[in-house]
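Have a look at the structure below before the remarks.
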Amino acid sequence: MKHAIRDGVLIAEEEASLPVTLRSMQYAYSVYEALKLKNGEFVHLDEHLYRLRESARGIRINLRYTDMEISSWLDLLKEADSLVNETFRILLVGNENILFITHDKTRSYPDSYYMEGVDCTLYEGERFLPNYKTSNLLLSYLALEDAEEKGAFEALLVNRHGYITEGTRSNFYALKGNRLYTAPDRDVLLGVTRIGVMEAARVMNVEVVYEPVYVKDVYDYDSLFISSTSMKAMPIRSINGVSVSRRMNTMVLRFSDYVGKWE
């Protein structure tokens with residue numbers, strides 16, 4: 001039997017549910033965090049718990065549980081289901097402080113995604129409160145559905161000013177010469193893997209420029225890539241069906257290798 005956690009109690013996964021009458025559920029008033037278990041150890045656990053707490057604070061949810069309690073519940077679930085490599089999801093619902101922990105297989109991608117790059121689309125829209133990982137995911141859902149209908153891997157969000165902020169499930173970057181361009185922190189989810197990309201840039205002596213990449217200029221860069229917990233750093237092959245430059249994809253793979261080791 002596959003298990004889950006609700007408020008520190010081990011339960012069967014099918015019991016991890018909420019009543020449809022719960023106001024916090026109706027309003028998607030919740031935050032979440034996803035983290036990897038790799039070789040039996042949680043990857044960057046402290047950083048993920050900090051971001052969970054910051055997301056809760058940002059939308060005025062008073063998280064009553066301590067990091068030590070949540071960590072112990074993660075361990076409880078890991079041991080109950082004898083897990084070694086898995087992705088865990090923490091969901092905190094409203095000021096009822098209903099906290100679920102569930103798990104699923106960690107996504108993996110074929111080598112071709114890294115060697116050849118992936119196809120992306122553009123989708124106009126801005127996430128509400130982008131610095132916080134809330135369950136308000138309608139924009140991301142619609143954008144990704146649109147991308148998949150067009151045979152693409154990811155959708156890149158374009159804001160009212162005409163520049164790319166991030167992907168539906170990833171951060172976005174552009175390389176030009178020895179500079180790495182990415183949207184200002186205020187416009188994006190401050191992903192844990194983004195920290196690893198910035199650390200990789202420091203080690204590789206690549207200058208980080210917090211300036212947006214405008215759609216009209218996107219084909220002028222040497223290489224483009226996205227990053228997330230599951231993707232590491234993944235090069236982009238095309239946007240809206242038009243090929244982009246892959247001149248510096250070797251450097252993108254260096255970013256990906258570093259992020260993988262940083263885990």
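On a predicted model such as this, the values are computed, not experimentally measured, just so you know.
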Quiz item: Does Asp185 pair with Arg194 as a salt bridge, N-O distance under 4.0 Å?
Solution: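 Arg194 and Asp185: salt-bridged.
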Self-check item: Criterion salt bridge (Lys or Arg N to Asp or Glu O under 4.0 Å) on Arg51 and Glu54, from CA distance to verdict
Solution: CA-CA 5 Å; Arg51 189 169 66 176; Glu54 283 297 292; over 6 Å; no
With sequence neighbours excluded, residues passing ring-ring contact (aromatic ring centres under 6.0 Å, His included) with [X]:
| X | value |
| --- | --- |
| Phe153 | Tyr109, Tyr113 |
| Tyr210 | none |
| Tyr123 | none |

Quiz item: Can you name the closest pair of heavy atoms from Arg127 and Val188 and give their distance?
Solution: NH2-C, 4.1 Å
Quiz item: Considering all heavy atoms of both residues, which atom of Ser256 and which atom of Met231 are nearest to each other, and what is their separation?
Solution: OG-O, 4.4 Å
Practice problem: Quick one: which residue pairs count as a ring pair (Phe, Tyr, Trp, His ring centres under 6.0 Å) with a foot in residues 51-78, not counting sequence neighbours? | Solution: Tyr65-Trp73
Exercise. Supply the atom-to-atom distance Glu79 CD to Leu10 CG, rounded to the nearest 0.5 angstrom.
Key: 11.5 Å
Quiz item: Please walk me through it: do Thr87 and Asp104 pass side-chain contact (heavy atoms from CB on, under 4.5 Å)?
Solution: CA-CA 5 Å; Thr87 294; Asp104 212 336; 5.6 Å; no
Quiz item: Does Tyr181 have Arg179 sitting over its ring (NZ/CZ under 6.0 Å from centre, angle to axis within 45°)?
Solution: no
Quiz item: Which other residues end up in the same hydrophobic cluster as Tyr32, if Ile, Leu, Val, Met, Phe, Trp and Tyr are linked when side-chain heavy atoms come under 4.5 Å apart?
Solution: Leu18, Val20, Leu22, Met25, Leu91, Val93, Ile98, Phe100, Leu137
Quiz item: Does CZ in Arg107 sit with more than 12 non-hydrogen atoms of other residues, nucleotides or ligands closer than 6.0 Å?
Solution: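 12 or below, so no.
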Self-check item: Side-chain donor-acceptor pair present, Glu96, Ser24, cut-off under 3.5 Å
Solution: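 Checked: Glu96/Ser24 side chains pair up, N/O donor to acceptor below 3.5 Å.
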Quiz prompt | With sequence neighbours excluded, residues passing salt bridge (charged side-chain N to carboxylate O under 4.0 Å, His left out) with Glu126 | solution =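 With neighbours one apart ignored, the set is Arg160.
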